[in-house]
There are 2 protein chains.
Amino acid sequence: MDDVLLYLLKRGAASNAVRATTGEIGAALNMTQQNASRRLNILINQGAVSRIQDKLAISRKGISELRETYSTMRVAFEEIGKITGKLTDGVGDGKYYLSLPGYKNGIKEKFGILPYPGTLNIRLDGNEVWKKSALFDGAPAISGFKHEGRAFGELFVKACTLRSIPVIAVLPKRTHHPYEILELVSEKNLRKVLKIKSGDDVSVTL
Amino acid sequence: MDDVLLYLLKRGAASNAVRATTGEIGAALNMTQQNASRRLNILINQGAVSRIQDKLAISRKGISELRETYSTMRVAFEEIGKITGKLTDGVGDGKYYLSLPGYKNGIKEKFGILPYPGTLNIRLDGNEVWKKSALFDGAPAISGFKHEGRAFGELFVKACTLRSIPVIAVLPKRTHHPYEILELVSEKNLRKVLKIKSGDDVSVTL
DNA sequence: ATTACTAAGACGCGAGTAA
DNA sequence: TTTACTCGCGTCTTAGTAA
């Protein structure tokens with residue numbers, strides 16, 4: 001995938017002709033203006049980009065080229081975006097953590113919901129465990145705090161869905177859980193709403 | 001975006017370690033086995049890919065790299081995937097064409113629905129018109145046929161949605177319509193179902 | 001059967017500069 | 001101000017071949 005073409009896509013050159021100088025493209029992509037100029041002309045000669053007066057637009061050919069890469073990635077990432085496992089009994093500490101104002105209010109602030117006191121614990125299938133780190137990669141975190149003299153660490157939070165119900169996957173930065181457990185928080189009692197019980201296969205999306 | 005990394009993604013190396021020889025990678029990407037080997041090792045040194053015995057897996061770092069490109073593209077393509085315009089009165093010929101067994105049965109075969117006799121015509125906003133060619137780019141076509149001595153040409157068809165209702169965008173290969181008109185076919189009378197009338201703004205997705 | 005080294009040539013890039 | 005030419009260097013690629 002050509003970086004210049006991708007940059008033009010980012011700039012919206014697929015929908016409308018946009019003004020983008022070779023100097024600007026070069027700066028954005030960490031290359032010289034001269035090289036950006038050269039590479040842009042290659043794209044133009046290939047018919048992937050067209051110059052319209054002093055503006056640039058990605059042509060149909062350029063778009064289908066980009067779209068091909070996009071579909072490949074979409075298929076792969078949709079597969080990645082599903083984490084499957086079995087519903088399992090928690091040890092009850094999720095309930096305690098969610099009763100703490102620090103976490104409770106943090107979730108309220110970030111997602112606008114007051115979490116049901118208790119987490120849904122999913123034991124991930126063996127070859128799904130690695131997805132957990134991908135899930136929380138770059139996820140926002142609720143700050144740590146002190147409560148009754150004890151320090152509580154940061155909590156990574158990530159919006160997901162479970163059978164179309166919005167849920168929040170949470171991961172304490174310093175977790176005490178075995179790593180193959182995924183913890184979910186929701187406004188509602190998910191076991192009741194979804195009529196699921198321990199041992200059921202579930203799949204979390206996004 | 002590195003082509004070798006993208007190829008591994010395509011092969012599913014993001015979810016599981018997959019067996020992929022450098023010869024195979026080279027053949028797939030039109031490069032020599034030697035070069036594929038060299039480039040693979042660069043990715044491994046960068047920490048984007050890891051070798052597990054004789055299999056390859058994309059690491060967390062490689063995945064977030066790919067995901068960044070993916071998000072860029074998704075934002076851009078979601079914008080592209082929406083075509084907006086105003087509902088307009090047709091000249092009634094859509095109704096005639098959809099009464100012809102050739103087209104009617106072609107749609108029945110491809111989509112499993114019997115089209116409502118009549119098309120919904122959308123006059124695209126000026127800067128949306130170009131999306132029409134992108135929409136039908138690579139779309140399947142219903143074969144042409146002869147009917148009562150007259151020849152009817154191929155009809156491009158593409159599944160879309162209009163306010164969450166599945167519709168079929170159609171484009172006769174040799175159209176008599178002005179090009180800024182997008183024609184939609186559906187099982188139902190969309191004007192009734194969606195309670196829309198000429199002049200209303202509508203947006204077709206996908 | 002597969003990986004990866006080496007040498008030589010092709011190609012891409014930055015710098016200088018012209019238009 | 002912006003584009004794009006030339007030159008020289010360095011990286012990437014291929015082909016041959018070893019492990």
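Order of the sequence lines sets the chain letters (A, B, ...), proteins ahead of strands, with each chain counted from 1.
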What is the distance from [atom1] of [X] to [atom2] of [N], rounded to the nearest Å?
| X | N | atom1 | atom2 | value |
| --- | --- | --- | --- | --- |
| Asn30(A) | dG12(C) | CG | P | 19 Å |
| Gln34(A) | dT2(D) | CD | P | 14 Å |
| Arg19(A) | dT2(D) | CZ | C1' | 8 Å |
| Met31(B) | dA15(D) | CE | P | 13 Å |
| Ile25(B) | dT14(D) | CD1 | C1' | 17 Å |
| Gln33(B) | dT13(D) | CD | C1' | 13 Å |
| Leu43(B) | dA4(C) | CG | C1' | 16 Å |
| Leu29(B) | dT14(D) | CG | P | 11 Å |

Reckon [X] has a side-chain N or O less than 4.0 Å from the OP1 or OP2 of [N]?
| X | N | answer |
| --- | --- | --- |
| Thr22(B) | dT3(C) | yes |
| Arg38(A) | dT3(D) | no |
| Asn41(A) | dA4(D) | yes |
| Arg51(A) | dA4(D) | yes |
| Asn35(A) | dG12(C) | no |

Between dT3(D), dG14(C), dC13(C), which nucleotide has the shortest distance from any of its atoms to the side chain of Thr21(A)?
dT3(D)
Report yes or no: do [X] and [Y] form a side-chain donor-acceptor pair below 3.5 Å?
| X | Y | value |
| --- | --- | --- |
| Ser203(A) | Asp201(A) | no |
| Asn41(A) | Arg38(A) | no |
| Arg191(B) | Ser198(B) | yes |

Do Asp200(B) side-chain atoms and Lys197(B) backbone N/O form a donor-acceptor pair below 3.5 Å?
yes
With under 30° as parallel and over 60° as perpendicular, where do the rings of Phe152(B) and Tyr103(B) fit, or are they tilted in between?
perpendicular
